[in-house]
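These numbers come from the heavy atoms of this one structure, side chains and all, not from hydrogens, waters or symmetry mates. Sequence lines set the chain letters: A, B, ... in the order given, protein chains first and strands last, and positions in each chain run from 1. This structure is a prediction, so every number in the text was calculated from the model and none was measured.
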Protein chains: 2
Amino acid sequence: MQTLNFLNSPLITHNFSNEEKEHISTYFTFEKHPKKATLLHGGKICKNLYFVNKGCLHLYFIDQNGTQRTTQFALENWWLTDFLNFPLQTTTEFYIDTVERSEVLRITTDQYNQLLSDHPHLEPYFRKTFEIGYGAALQRIKYMQSYTKEEMYLYFAEAFPHFVNRVPQYLLASFLGLTPEYLSELKKKNIS
Amino acid sequence: MQTLNFLNSPLITHNFSNEEKEHISTYFTFEKHPKKATLLHGGKICKNLYFVNKGCLHLYFIDQNGTQRTTQFALENWWLTDFLNFPLQTTTEFYIDTVERSEVLRITTDQYNQLLSDHPHLEPYFRKTFEIGYGAALQRIKYMQSYTKEEMYLYFAEAFPHFVNRVPQYLLASFLGLTPEYLSELKKKNIS
């Protein structure tokens, strides 16, 4: 049986039996990917939702200048897809790549719908997960509205030091909208 | 019985009986508010979730310069709260005001938890609603990363003309991070 780490989440309130867990695991495909593997390709149909068991993914797009811009990171225990196009199985503009060697659970739209219909006790878990995701995204928009890119870096460095140290600097720069060179200067100033 | 417009959503798949609908309505308080009424106050505990039956709400914060900055609008058939603090009943930095005379359904955190526990057939509706909300917020972050404020206005004017014409111009400016004067210039240029 695959390891379903999400069933250990504090957002899970139902007590799933071993038989149920085993059945739930059949909806997922367990995958190991090397660093920088592309799991979702811009311009293609978005038909998979990913859960990060180990490692890190990022959701990004290619801007008008041909530059990669990271919109969202997903570390362990996060779900990632293009949440607008995944339910509809429509074309996405987003890419998803692994940032590190990663172990993920993959589920297709059809399997996901079937899973929730067969195991309705999972509904509250996904509802609460997306409630938090939506709330965190609005909070991030608030930061983008109120902080300069420099202030945003200082905020992230203080609030999420582990994240800032773990993620490659060129991706952190892409996430914040800074050049890698400028981010490196900022980091030096912040340390000294 | 209160009008529960959300039960007519295409995201509702369960066929609720009239008795169920009547029972669901008992969890909500139906409220009519004049224009510019404050429903959520920054610095206070966030303990209500709102559904817009008629009218328009906006979620905003006060920035370092004392200026209101709109993070999210909610027109008819949208839910609005601080989705991070509402489940926890913790202090919010956000305000919610009516933009127009509005009719809303209000539900407290405790009532909401009770509603979903008593009527689990509502879970998929809320899960899908927040899936879309999360996806739309990530899409908006993508636009904030790729467009200048001017391009963002042109995008909104083309994609959501009804919204751009309905919302007061000073709030649209606050949402886009422009001064009302500059937005007015942009609109003139765009029309001519």
The interface call for A/T70 against chain B, heavy-atom contacts under 4.5 Å, is backbone
From the list A/E93, A/K128, A/H121, the residue making the most non-hydrogen contacts under 4.5 Å with chain B is A/E93
Heavy atoms from other residues, nucleotides or ligands near NE2 of B/H14 exceed 12 (cutoff 6.0 Å): yes
With hydrophobic residues grouped by side-chain heavy-atom distances under 4.5 Å, do A/V167 and A/Y95 end up in a single group? no
Among B/T13, B/N85, B/T81, B/L84, the residue with the most heavy-atom pairs under 4.5 Å to chain A is B/L84
Proximity breakdown for A/Y147 and chain B, heavy-atom pairs closer than 4.5 Å: side chain
Which bit of A/Q145 is near chain B, if near means a heavy-atom gap under 4.5 Å: side chain, backbone, both or neither? both
Of all the heavy-atom pairs spanning B/S146 and A/Q64, show the shortest one and how long it is. O-OE1, 3.6 Å
Roughly how far, to the nearest 0.5 Å, is the NZ atom of A/K142 from the CG atom of B/L59? 10.0 Å
A/Q72 side chain near B/Y134 side chain, heavy-atom distance below 4.5 Å: yes
Work out which heavy atom in B/T71 is nearest to a heavy atom in A/I141; give both atom names and the distance. CG2-CG2, 3.9 Å
Side-chain heavy atoms nearer than 4.5 Å, only ILVMFWY residues, links allowed to pass through others: does that put B/F175 and B/I62 together? no
Taking atom CZ as the centre, does B/R166 end up with more than 12 heavy-atom neighbours from other residues, nucleotides or ligands that are less than 6.0 angstrom away? yes
Among the options B/P120, B/A136, B/G133, pick out the one with the most heavy-atom pairs lying under 4.5 Å from chain A. B/G133
Top residue by heavy-atom pair count (under 4.5 Å) with chain A, among B/P124, B/P87, B/A137? B/P124
Is a side-chain donor or acceptor of B/E131 paired with a backbone partner of A/F130 at a separation under 3.5 angstrom? no
Closest heavy-atom pair, A/L138 versus B/F83, reported as atoms and distance to 0.1 Å, is CD1-CD1, 4.1 Å
Side chains of A/F126 and B/E123: closer than 4.5 Å at any heavy-atom pair? no
Can you tell me if CG on B/N15 sees more than 12 non-hydrogen neighbours from other groups inside 6.0 Å? no
Is it the backbone or the side chain of A/F61 that comes under 4.5 Å from a heavy atom of chain B, or both, or neither? side chain
Tell me whether A/L88 shares a hydrophobic cluster with A/Y50, the cluster being built from Ile, Leu, Val, Met, Phe, Trp, Tyr side chains joined at under 4.5 Å. no
Please flag which part of A/L116 lies under 4.5 Å from any non-hydrogen atom of chain B: side chain, backbone, both or neither. side chain
Between B/V52 and B/W79, is there a shared hydrophobic cluster once you connect ILVMFWY residues whose side-chain heavy atoms come closer than 4.5 Å? yes
Is B/Y60 close to chain A through its backbone or its side chain, or both, or neither, when contacts mean heavy atoms under 4.5 Å? neither
Starting from B/F94, can I reach B/I107 by hopping between I/L/V/M/F/W/Y residues whose side chains sit under 4.5 Å apart? yes
What part of A/T92 is in contact with chain B, defined as an atom under 4.5 angstrom from a non-hydrogen atom: side chain, backbone, both or neither? neither
